[in-house]
Novice: 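First, the structure itself, so that you have it in front of you.
In this text the structure is predicted, and so the values were computed from the model without any measurement. In this chain, numbering begins with 1 at the start of the sequence shown.
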Amino acid sequence: MKVFTQAVRHDLRILYRTGYIVTTVIILGLLALAASRLHFTAMSSVAMPLAAIVLILGIMTPFLSVSIMFLSERNEGILTSLGVMPVRPLTLLLARTLVLSVLAGTEMFVLFSIAFGSSIDLGLLIIGLLSLAIPSVLFGVTGVSPFTALHEFILPMTLWVLFLSLPAFLTLRGVDPQWLLWHPMAPAHRLISAAFGSTEPGTLLFGLAGSAIWTLIAGSLALRSLARMRLTAVE
């Protein structure tokens, strides 16, 4: 537990040192001010498009954040130091996933709770945002693992974000969501749409079970990628 707490503090220091936390607070404040002036009715009729917008925003923040953190650590030699420390990759992965998913989920929750208030199910929104942010962090670890510099990762990063956001883009284009049930982010999309009032049958069961399965898959891939990154950092 002590090692895990230290890992969480390490990640928070990186985010603070890079200006991420301060910038996020400022931007969140401005967006919250704008959101407070929005008023929506008939939520169920726009549940899927709204969930699609949340999906895109909720994927980009944690995915980009974890990618930049690992690239920064590689360039500064921090990852090399972590590679020779008696810290398990699972501990590092859990700490980073916790920090980034909670931060990303909090950002989106504040914005949409202010904008929609009692019109949405806040409990389902929290579950949906976490089921979105956690796999995004984990897939981000896998995506960034082969790269050592940001300029090398720009195109792959864009492709990763586009792929993970596919249900959102196709939903906004009017494609039947049933065609996207295979996608890793489809369960989170359904949970968030349920928070906005969607009445699709089986939404909660599919959302919860699918999110759990994809989180396990993404976590397994991320753990292997992190272990590989630590080994190559000390070679």
Novice: Taking side chain as C-beta onward, heavy atoms only, is Phe70 less than 4.5 Å from Arg96?
Specialist: yes
Novice: Please check if the side chain of Thr158 supplies one atom and the backbone of Ile154 the other of a donor-acceptor pair under 3.5 Å.
Specialist: yes
Novice: If I compare all heavy atoms of Leu223 with all of Pro89, which pair ends up nearest, and what's the gap?
Specialist: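 Smallest interatomic distance, heavy atoms only, reads CD1-C, 3.8 Å.
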Novice: Spell out, yes or no, whether Leu205 and Leu181 are grouped together once hydrophobic residues are joined by side-chain heavy atoms under 4.5 Å, including indirect joins.
Specialist: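 No, it is not one cluster - the side chains of Leu205 and Leu181 are not joined through contacts under 4.5 Å.
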Novice: Just by distance, do the side chain of Ser211 and the backbone of Leu208 share a donor-acceptor pair under 3.5 Å?
Specialist: no
Novice: Compare every heavy atom of Val137 with every heavy atom of Leu100, then report the nearest pair and how far apart it is.
Specialist: CB-CG2, 3.8 Å
Novice: Which value, rounded to the nearest 0.5 Å, describes the distance between Arg190 atom CZ and Leu180 atom CG?
Specialist: 8.5 Å
Novice: Looking only at atom types and distance, does a side-chain atom of His189 sit under 3.5 Å from a main-chain N or O of Ser165, one as donor and one as acceptor?
Specialist: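 Between the backbone of Ser165 and the side chain of His189 there is no qualifying donor-acceptor contact (under 3.5 Å).
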Novice: Below 3.5 Å, can you tabulate the donor-acceptor pairs from side chains in residues 128-136 to any protein atom, sequence neighbours excluded?
Specialist:
unit_1	atom_1	unit_2	atom_2	d
Ser131	OG	Ile127	O	3.2
Ser131	OG	Gly128	O	2.8
Ser136	OG	Leu132	O	2.7

Novice: Donor-acceptor check, side chain of Ser101 to backbone of Thr97, threshold 3.5 angstrom: yes or no?
Specialist: yes
Novice: If you look at every heavy atom in Arg228 and Ser145, which pair is closest and at what distance?
Specialist: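 Closest pair (atom of Arg228, atom of Ser145, distance): NH2-OG, 3.6 Å.
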Novice: Which atom names give the shortest non-hydrogen contact between Trp214 and Trp182, and what distance separates them?
Specialist: CZ2-O, 3.4 Å
